[in-house]
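Single-structure report; data block below.
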Amino acid sequence: MAENSENKAGAPKVRNFIHEIVENDLLEKKNDGRVHTRFPPEPNGYLHIGHAKAICLDFGTAEKFGGKCNLRFDDTNPSKEDQEYVDSIQEDIKWLGFDWEDRLFYASDFFDKLYAFAVKLINEGKAYVDQQPADVISQQRGTPTRPGIESPYRNRPVEESLDLFAKMKAGEFPNGAMVLRAKIDMASPNMHMRDPLMYRIIHAEHHRTGNKWCIYPMYDFAHGQCDFFEGITHSLCTLEFEIHRPLYNWFIDQLADSDYRPRQIEFSRLNLTYTMMSKRKLLQLVEEGLVNGWDDPRMPTLSGLRRRGFTPASIRNLVEKVGITKTEGTVDMAVLEHAVREDLNKTAQRVMGVLNPLKVVITNYPEGEVEMMEAVNNPEDESMGKREVPFTKEIFIERDDFMEDPPRKFFRLAPGREVRLRYAYFVTCTDVVKDENGEITELHCTYDPASRGGNSPDGRKVKATLHWVSATENTKAEVRLYDRLFNVEDPSGDKDKDFREHLNPDSLQVRPVCYIEPFVDGAQPLDQFQFERLGYFIVDKDSTKGKMVFNRTVTLRDNWAKFSKK
RNA sequence: UGUCCUGUGGUGUAAUUGGCAACACGUCUGACUCUGGAUCAGAAGAGUCCAGGUUCGAGCCCUGGCAGGACAACCA
């Protein structure tokens, strides 16, 4: 949480340059003191964490100034959009914790109005139907440093454009035969002002309007006007639309009959290390089976992050921490990881689980005995209470917690060494049992009955506390360990290397047989736990009655791992 | 040889009307601890892209450079 808290009740803590602009607009009494924003996704893919930044900003800004925020689907291209995406987007926004109430819109709600506006522009001689092929129009557009040239149809009579536009709408032409263009300035230094396309012909069924239309407005012709129709006061968007702003303003100037104008303000998108936010590339990963769907826990999609165990609070905190600016940068994944740990540390039920089991026989412990040991559910939150963990003669410990020939600074179990089994007993390793290959198959230990609960009455100290699970009283589970999807910080930063070449082959590691204490029996998908000393884990939807599946969200901070790597 | 935007520790941000650069993550110490977690204490690390100028004083103002990004889809 940031320090610069505000005086106003309920206001978000940190201000940014956009909030300053909004504040000034309010001071100047613009738009009758209204603040109205919108989040305008295209339903052509799943939302990712970059969108979360926009969502938090859009809804957050409205909330901060007592305004409203709409959800509007920019569904102007039926060939790429789908109801599946409309549904997932709504689910993800709600999950993040935001609510558009009754203000759900679609660009397609405004198709009639946009058509009427287009006709008006034709009538005023500000738009015309061009019938040149796409490549010719493209060539005539020039380059950023060279002006374009005018289409031979640019000055055709208004009536002719009107007639052709009506015929386009009536379906008399095939895809690509004609387009409607705004008549602005082919020599403009801004490419977007060189008679941009307003409408194109697409004979395709639209997920909402069905077959009513076969001409669809371009995003640039629809977006700004939709903001206008919805009464949006502040249109927040990412940097790449900065150069479109003059065009949006041009259209609105032709449309507006008062002082009201949506004000577009651009900010930089969120980038994270070791992943990428390109919808196109994410779609490619999904379609080529390089990940297991949009909600693969390695994906930066909100559905993937959710399945991985990242909480809404952690994502909102990340967005809060990185701030809103116009500078492009890349946020270290470690910031997100820190944010989840911070959240989960306070809320996650603790439990013991062994992912890489090594059997330990406690030779002086009675055969067949089951003792229930009392364990704390969350040391950060006493109200979460306590539970009992079954202890038996044979248990599993983590293979990494034993070394036959330990280096300095390795505090865990070793031959002859005594350690604590968490919430149970002190045990001392007496024997190392190996198979014919020299692999350690089990350990023999003795326990000190006086140390029950985890402390010795003689005040004897041990250097390490190990987690453990009874070899007989446990729940078997599959655990999926995840690592970064890519092994370079910027997988799409390489000009001459495809981003897929940077995929981390070890990003998913499946441990089919792990042992978890019985407490987790009956846990449902999305239930979260801390496996003590290992990390945070979440129940996956692949779990069945017979077999639980856990995903590792993140490891705990691990100083030993850091040290031993050196 | 255009237009627009951006340039502050490793990373992301902050710095009221110009006043000796702050916070978070990360890194490194140490304390404490029945999680090598958490917590607590502390450290290192930038003189603000460069060069001039205005000023008692500039990250903030002016001038000129340099660097990076965006824009040439009938995508959004």
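In what follows, every chain begins at residue 1, and chains take the letters A, B, ... in the order their sequences are listed. Just so we're clear, the structure is a prediction, and the values are computed from it rather than from any experiment.
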Looking only at side-chain atoms of [X], point me to the closest of [options].
| X | options | answer |
| --- | --- | --- |
| Lys562(A) | A76(B), U35(B), U27(B) | U27(B) |
| Pro144(A) | C74(B), U11(B), C71(B) | C71(B) |
| Met218(A) | C75(B), G37(B), G12(B) | C75(B) |
| Leu556(A) | U35(B), A72(B), A70(B) | U35(B) |
| Asp332(A) | U11(B), A73(B), C74(B) | U11(B) |
| Ile243(A) | U3(B), C74(B), C75(B) | U3(B) |
| Asn345(A) | G36(B), C74(B), A38(B) | A38(B) |

Rounded to the Å, how far apart are [X] [atom1] and [N] [atom2]?
| X | N | atom1 | atom2 | result |
| --- | --- | --- | --- | --- |
| Lys346(A) | U35(B) | NZ | P | 20 Å |
| Leu318(A) | C23(B) | CG | P | 21 Å |
| Tyr216(A) | A76(B) | OH | C1' | 16 Å |
| Glu337(A) | G37(B) | CD | P | 16 Å |
| Asp381(A) | G37(B) | CG | P | 21 Å |
| Leu239(A) | G7(B) | CG | C1' | 13 Å |
| His338(A) | U27(B) | NE2 | C1' | 14 Å |
| Lys461(A) | C32(B) | NZ | P | 10 Å |

- Message: Is there a ring-ring contact (aromatic ring centres under 6.0 Å, His included) between Phe267(A) and Phe17(A)? Walk through the geometry before answering.
- Response: CA-CA 9 Å; Phe267(A) 61 92; Phe17(A) 81 99; 8.1 Å; no
When we call it a touch if two heavy atoms are under 4.0 Å apart, what does [X] touch: a base, just sugar-phosphate, or nothing?
| X | result |
| --- | --- |
| Arg412(A) | base |
| Arg146(A) | nothing |
| His244(A) | base |
| Phe426(A) | nothing |
| Thr273(A) | nothing |
| Ala134(A) | base |
| Gln530(A) | base |
| Val179(A) | base |
| Arg141(A) | sugar-phosphate |
| Asn455(A) | base |
| Pro246(A) | nothing |
| Met178(A) | nothing |
| Pro379(A) | base |
| Glu20(A) | nothing |

For atom [atom1], what is the distance between [N] and [M], given to the nearest Å?
| N | M | atom1 | result |
| --- | --- | --- | --- |
| G59(B) | G52(B) | P | 14 Å |
| A24(B) | U6(B) | C1' | 22 Å |
| G18(B) | C56(B) | C1' | 12 Å |
| U54(B) | U16(B) | C1' | 23 Å |
| C49(B) | C75(B) | C1' | 36 Å |
| U48(B) | G10(B) | P | 13 Å |
| C5(B) | C74(B) | P | 25 Å |
| G2(B) | G19(B) | P | 36 Å |

Using the ring of each side chain (for Trp, its six-membered ring), is [X] parallel, tilted or perpendicular to [Y], with breaks at 30° and 60°?
| X | Y | answer |
| --- | --- | --- |
| Phe396(A) | Tyr515(A) | parallel |
| Phe529(A) | Phe531(A) | tilted |
| Tyr115(A) | Trp213(A) | tilted |
| Tyr216(A) | Phe111(A) | perpendicular |

- Message: Tell me if the side-chain of Arg557(A) makes a donor-acceptor pair with the base of G36(B), cut-off 3.5 Å, by modelled atom types.
- Response: no
- Item | Base U39(B) paired with Glu380(A) side chain (donor-acceptor, <3.5 Å) | no
- For side-chain hydrogen bond (donor to acceptor under 3.5 Å, both in side chains), just list the numbers for Arg156(A) and Gln131(A), CA-CA rounded to whole Å, side-chain angles, deciding distance to a tenth of an Å, and then say yes or no. CA-CA 11 Å; Arg156(A) 78 188 334 159; Gln131(A) 64 203 69; 2.5 Å; yes
- Query: If only atom types and distance count, is the side chain of Asn271(A) paired as donor or acceptor with the main-chain N or O of Gly329(A) below 3.5 Å?
  - Reply: yes
- Task: Verify the distance criterion only: is there a donor paired with an acceptor across the side chains of Asp381(A) and Ser383(A) at less than 3.5 Å?
- Result: yes
- Syn or anti: how is G52(B) classified when any glycosidic angle within 90° of 0 counts as syn? anti
- Does Lys53(A) or Tyr199(A) map to a spot on RNA chain B nearer the 5' end, using the closest nucleotide for each? Lys53(A)
- Message: Here's a test of your reading of the structure: between Pro189(A) and His192(A), which maps to the more 5' nucleotide of RNA chain B?
- Response: Pro189(A)
Does the structure show a Watson-Crick or G-U wobble partner for [N], both distances under 3.5 Å? Name it, or say none.
| N | value |
| --- | --- |
| G57(B) | none |
| U6(B) | A67(B) |
| U35(B) | none |
| U17(B) | none |
| G42(B) | C28(B) |

- Message: Is there aromatic stacking of Phe411(A) on G36(B) here, judged by a ring-centre distance under 5.5 Å and a plane angle under 30°?
- Response: yes
- Message: ring-ring contact (aromatic ring centres under 6.0 Å, His included) for Phe411(A) and Trp560(A)? Distances and angles first, verdict last.
- Response: CA-CA 10 Å; Phe411(A) 305 145; Trp560(A) 167 248; 7.3 Å; no
- Query: In a check of ring-ring contact (aromatic ring centres under 6.0 Å, His included) between Phe391(A) and each of Tyr425(A), Tyr447(A), Tyr423(A), which one passes?
  - Reply: Tyr425(A)
